[in-house]
Each structure stands twice: as C-alpha cells, then as structure tokens.
Amino acid sequence: MSSPEQPLNALLTGAAGHLGRRIAARLAAAGCRLALCDVDAPRLARVAAELGDGRAGSTDSIRTIPADVTDEVAARGAVTGAEESLDGLDVLVNAHGVEGPASPVEALVPADVRRTFDVNVMSLFWLCGAAAEIFKASGGGRIVNMASGAGLAGGAFTGVYHASKHAVVGLTRSLALELGPSGIVVNAVCPGFVESPMVDRIVSALGDLDLPTEYAHMVPLGRYADPDEVAETVRYLACEAPEYMTGACLVLDGGLRA
C-alpha cells in the first residue's frame with residue numbers, strides 16, 4: 001500500500017455512471033491515480049477526458065478499463081489490469097449497480113432477478129477476491145462498496161433491489177472480518193434517496209404500479225441527497241478514514257432511518 005506521501009492508486013467501477021463520475025472527480029481531486037472501469041466504453045472515455053482536462057500529469061494518473069464486471073474473468077482482469085497500469089493498487093471502489101425490477105413478487109421475471117444479482121452482488125465477489133489477493137501481497141488496502149439504505153430495510157415491490165443491497169451489506173461485513181487480519185479494510189456507503197436517474201427510474205416504475213412517486217417529504221431533512229454528498233463519503237472511506245474503521249456501513253439518508 002502507498003505511503004502517506006505517495007498518491008493512492010484506485011480502481012473505480014461504474015465510473016461512467018451519474019454517481020460514478022462524481023466519485024471519480026472527488027478521488028482525482030484528492031490526488032488519486034485512477035483506473036476507471038465501466039461497461040460503457042464511449043462514456044468512460046468521456047469521463048476520463050473530462051477529468052484529465054487541464055490536469056497536470058493526467059496521462060499518467062488516469063487509465064480506462066472497459067469491462068463487464070458481471071463476467072468473472074473480465075472482473076478479475078479489470079483488477080489486475082488496474083494494478084499493472086497504475087503500478088500498484090491501494091483502493092477498490094465498487095460503484096456500479098442497477099435498480100432491478102419494480103414488480104409484485106408473483107410477476108417477477110427470473111432473468112431480471114438474476115441480472116440484478118449478477119450486477120449488484122456476484123460481481124463483487126470477483127472484484128473483491130482479485131483485490132484481496134493483491135492487497136494481501138502488498139500489505140493492505142481499502143475496499144469501498146456502494147450499498148444502499150435499501151440494504152438496511154425492506155421495500156414493497158422493490159424486493160429484488162433491496163435483497164441485492166442486503167447482500168452487499170452482508171458481504172461487506174463478512175469481508176471486514178475475513179480480511180482484517182491481512183490489513184485490508186472493507187466498508188460500505190448506504191445512501192437513501194439520491195438525486196439521480198436511477199432514483200427517477202425507480203419512482204417512475206412505482207408510479208406505474210399506482211404508488212407514490214415523490215418521497216422527499218418522508219426525509220427529515222426534506223430533500224434527496226446531492227450526488228456529491230455521496231461521492232464525498234466514498235472519498236472519505238477510500239482516502240481518509242482511520243484504518244481502524246472496517247465493517248462500517250455509513251448511512252447517508254437525511255435521517256430517514258434514524
């Protein structure tokens with residue numbers, strides 16, 4: 001793992017997404033050397049170009065790795081590719097994800113359920129496993145998983161997404177126990193409602209089921225989270241949080257589940 005004087009080398013998945021690009025910007029501003037991974041290669045290239053615009057040393061500090069991390073070989077290859085291209089790896093941030101179907105349980109399509117778990121859960125086993133191997137050899141590292149407030153409670157008609165994020169929380173806590181003796185810390189961020197296209201899609205799908213489509217009134221702070229607030233929390237866990245903090249699932253929901 002890099003010394004405090006050296007920049008951290010970080011792999012960020014889901015980097016081309018609405019939240020991923022905000023996280024990438026925060027990590028870049030913190031001085032991290034980045035390997036950006038996403039299944040959408042053209043959008044990924046645009047994010048890298050935006051981050052590198054006018055940034056000194058951008059050619060050396062930003063790499064792109066187009067990959068579908070639901071494929072085990074591709075996921076493991078993204079991690080090893082990041083290590084090789086950055087000449088070391090200190091941090092893995094798993095920020096990719098999908099919302100899955102909004103549907104009565106009796107009407108769920110098996111392929112949709114499997115796809116949600118492949119993206120949100122199964123990919124983390126391959127990514128975290130490959131990172132753990134590297135971190136063990138280098139003496140430590142940090143893993144940050146994007147969970148959700150949905151991983152801490154239930155949700156009618158969105159049980160697939162909620163169940164997948166419960167799995168992310170469970171995996172995060174389990175890996176913290178397993179990898180702690182090797183100096184590897186594993187934490188998660190659990191946002192509530194965030195101003196994002198994903199939340200828009202979720203509430204729109206709920207509206208199709210004649211359910212409410214506006215939930216800000218349920219949040220004690222009276223609004224959804226700004227994506228930059230979530231990105232800053234990720235940056236904190238990736239770069240700044242005490243090494244003694246592991247197995248934590250930081251809730252960022254405006255008091256919704258207080």
Side-chain angles (χ1 to χ4, degrees), residues 13-20 37-40 43 66-76 78 93-129 143-175 186 188-219 224-225 227 230 249-254 256-257:
T13 69
H18 181 74
L19 183 55
C37 179
D38 200 281
V39 71
D40 190 330
R43 288 180 63 190
D68 179 356
V69 294
T70 63
D71 179 87
E72 178 188 357
V73 174
R76 294 184 186 277
V93 177
N94 292 311
H96 62 284
V98 294
E99 68 271 18
S103 168
V105 67
E106 66 270 20
L108 286 171
V109 177
D112 294 340
V113 177
R114 294 191 182 98
R115 174 63 179 169
T116 305
F117 273 80
D118 281 344
V119 175
N120 292 356
V121 183
M122 296 305 297
S123 63
L124 297 191
F125 283 96
W126 323 138
L127 291 160
C128 292
I143 297 174
V144 183
N145 293 324
M146 185 59 63
S148 170
L152 304 172
F157 304 102
T158 53
V160 177
Y161 180 71
H162 280 69
S164 73
K165 291 303 182 177
H166 272 74
V168 175
V169 169
L171 178 61
T172 297
R173 290 171 170 163
S174 297
L175 291 181
V186 189
V189 179
C190 295
F193 292 103
V194 180
E195 292 286 354
S196 66
M198 177 183 283
V199 169
D200 290 343
R201 292 192 298 268
I202 291 172
V203 298
S204 176
L206 291 174
D208 292 340
L209 298 173
D210 295 324
L211 295 167
T213 58
E214 203 289 314
Y215 296 89
H217 67 280
M218 298 170 57
V219 180
Y224 292 175
V230 181
C249 298
L250 297 189
V251 179
L252 194 75
D253 66 1
L256 182 63
R257 292 178 179 83

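Sequential numbering from 1 along the given sequence is applied to the chain's residues.
No side-chain heavy atom of Leu252 sits less than 4.5 Å from a side-chain heavy atom of Cys190. Between Val73 and Trp126, the closest side-chain pair of non-hydrogen atoms is not below 4.5 Å. Considering only heavy atoms from C-beta on, Tyr161 comes within 4.5 Å of Ser148 through its side chain. Here the side chains of Ser103 and Leu209 are not in contact, with every heavy-atom distance at 4.5 Å or above. Counting heavy atoms from C-beta on, the side chains of Val93 and Met146 never come closer than 4.5 Å. Annotation: side chain of Cys37 is in contact with side chain of Val69 (closest heavy-atom distance under 4.5 Å). In this structure the side chain of Thr213 never reaches within 4.5 angstrom of the side chain of Leu206, judged on heavy atoms. Between Leu175 and Leu171, some side-chain heavy-atom pair lies under the 4.5 Å cut-off.
Note that CG of Asp38 is 8.0 Å distant from OG1 of Thr13, once rounded to the nearest 0.5 Å. Note that CG of Asp68 and CG of Asp118 are 9.0 Å apart. Values are rounded to the nearest 0.5 Å. Taking CG from Asp200 and NE2 from His18, the interatomic distance works out to 8.5 Å, rounded to the nearest 0.5 Å. Atom CZ of Phe157 is separated from atom CG of Leu108 by 11.0 Å, given to the nearest 0.5 angstrom. In this structure, CG on Asp71 lies 11.0 Å from OG on Ser123, to the nearest 0.5 angstrom. Here the straight-line distance linking atom CD1 of Ile202 with atom CZ of Phe193 works out to 8.0 Å at 0.5 Å rounding.
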**Prompt:** How far apart are the C-alpha atoms of Ser164 and Asn120, what are their side-chain angles, what is the distance that settles it, and do they pass the side-chain hydrogen bond (donor to acceptor under 3.5 Å, both in side chains) test?
**Reply:** CA-CA 6 Å; Ser164 73; Asn120 292 356; 3.1 Å; yes
**Message:** side chain to side chain contact (heavy atoms under 4.5 Å, CB included), that's the test. Do Asn94 and Val144 meet it? Break it down for me.
**Reply:** CA-CA 6 Å; Asn94 292 311; Val144 183; over 6 Å; no
**Asked** Checking side chain to side chain contact (heavy atoms under 4.5 Å, CB included) for the pair Arg115/Thr70: CA distance, chi angles, key distance, verdict?
**Response** CA-CA 9 Å; Arg115 174 63 179 169; Thr70 63; 3.7 Å; yes
**Prompt:** Going through the distances and angles, do Leu124 and Asn145 end up as a side chain to side chain contact (heavy atoms under 4.5 Å, CB included)?
**Reply:** CA-CA 8 Å; Leu124 297 191; Asn145 293 324; 4.2 Å; yes
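For the pair Thr116 and Gly100, the tightest heavy-atom approach, listed with the atom from each and the gap, is OG1-CA, 3.2 Å. The nearest pair of heavy atoms linking Cys249 to Arg173 is SG-NE, 3.9 Å.
Shown here is Arg114, whose CZ atom has no more than 12 heavy atoms of other residues, nucleotides or ligands within 6.0 Å.
Judged by distance alone, the side chain of Ser196 and the main-chain N or O of Val199 form a donor-acceptor pair under 3.5 Å. Using a distance-only test at 3.5 Å, with no hydrogens or angles considered, a donor-acceptor pair links the side chain of Glu214 to the main chain of Ala216. Between the side chain of Asp253 and the backbone N or O of Arg257, at least one donor-acceptor pair lies under 3.5 Å.
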